[in-house]
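Some notes on the structure that comes next.
Below, chain A is the first sequence line, B the second, and so on; all start at residue 1. The shown structure was predicted, so the numbers you read here are calculated from the model rather than taken from an experiment. Below, each value reflects all heavy atoms present in this structure, side chains not excepted, and no hydrogens, waters or symmetry copies.
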Amino acid sequence: MASASIQIGDDPLFLCALRRADDALILGHRLSEWCGHAPMLEEDMALANIALDLLGQARELYSYAAKVEGRGNDEDRLAYLRDERQYRNLLLLEQPNGDFARTMVRQLFYSAFADPYWRAMMNSSDPTLAAIAAKSEKESAYHLRHSSEWIIRLGDGTAESHRRAQEAIEHLWAFTGEMFEADAGERGLIDAGIAIDPASLREQWQSTVSAVLTEATLTQPTNPWMQQGGRGGRHSEHLGHLLAELQYTQRAFPGLTW
Amino acid sequence: MSTPNMALWEVFIRSRNGLAHKHVGSLHAPDATLALQAARDLYTRRGEGLSIWVVPSNAITASDPADKEMLFEPADSKIYRHPTFYDVPDEVGHM
């Protein structure tokens, strides 16, 4: 017996929670791939901790999205029974871990956005989103500090760590523009005080990233072209492989519990 | 998971206000800032602490295990140093 895949609806509040849930789940899954493979034991634990923070955020957001949707789905069905085109995460977050520098640059780019995003969302007129934001902000503040400290040390470290960090920045830069997007549905939520405009965080994001890169003696790319698509379900080739691993057990043994 | 160029740090955690920092273990880190972060990630995952100290292990001067008899055995025969020879009135309660 195979489980049919879920098609998602277009309710703006549902999609708003789902996008953030997908961000947290996909990045959390990527970080979990480091478990047992990090360059040192201490960092292995740190990456797993961040992954678990994100997984916790994803669970709360999926549960709320399912409640808003009102179609009898739950956190597990939303995570395990959607195909890649039904996922709404940022392309940045599904990019493979690469080396440690690339993982940390990805974390810096996202955390420098997520931290002010959740801080602003604490004022959402939606009490559930405001409560999730209050919890997530403390976690993302630490993720930002952790990734910033590493980027400073990689950039201002050895010639090789500098080269790898700079390469990671060049590689991931084009995925950063997508964070500041909002579609028409989300714009309605922004006007209603439920969501915040991600574009309003661009300046703060830029100043956080610039400060870290400057201290790290790294260079910010000047290429203005930005890749988009994740928020609309158009993903890079990497998400399908990630979901195959993430969803395998539930797809092969529907409803399995342990 | 070799850790070249990584100094060893001792970690002390204070679990709540009024208590002393207690040694909980050690870790490797390249500098004090990352040692503090690693201590947070390794030793406060289950709500163990309100405050963390990290100290470079090489800053600790330790007694020589070979001196154990000279240093500590003389105290064994001086039980009068324990305040157990007094009758504590019941009214005092728990001291």
Is the number of heavy atoms from other residues, nucleotides or ligands within 6.0 Å of CG (A/Leu256) greater than 12? yes
Should we say atom OH of A/Tyr80 is surrounded by more than 12 heavy atoms from elsewhere, each under 6.0 Å from it? no
Whatever's closer than 4.5 Å to a heavy atom in chain B on A/Arg153 counts as side chain
Flag if over 12 foreign heavy atoms under 6.0 Å of CD, A/Glu215: no
Picking from A/Glu43, A/Glu42, A/Glu149, what satisfies side-chain contact (heavy atoms from CB on, under 4.5 Å) with B/Leu34? A/Glu149
Between atom CE of A/Met40 and atom NE2 of B/His28, what is the distance when rounded to the nearest 0.5 Å? 7.5 Å
Measure the CE-CZ distance between A/Met45 and B/Arg40 for me, rounded to the nearest 0.5 Å. 11.0 Å
Greater than 12 external heavy atoms within 6.0 Å of B/Lys78's NZ: yes
May I ask you to check whether over 12 heavy atoms, not counting those of A/Arg145, lie within 6.0 Å of atom CZ? no
Looking at A/Asn49 and B/Asp41, what are the two nearest heavy atoms and their distance? ND2-O, 3.0 Å
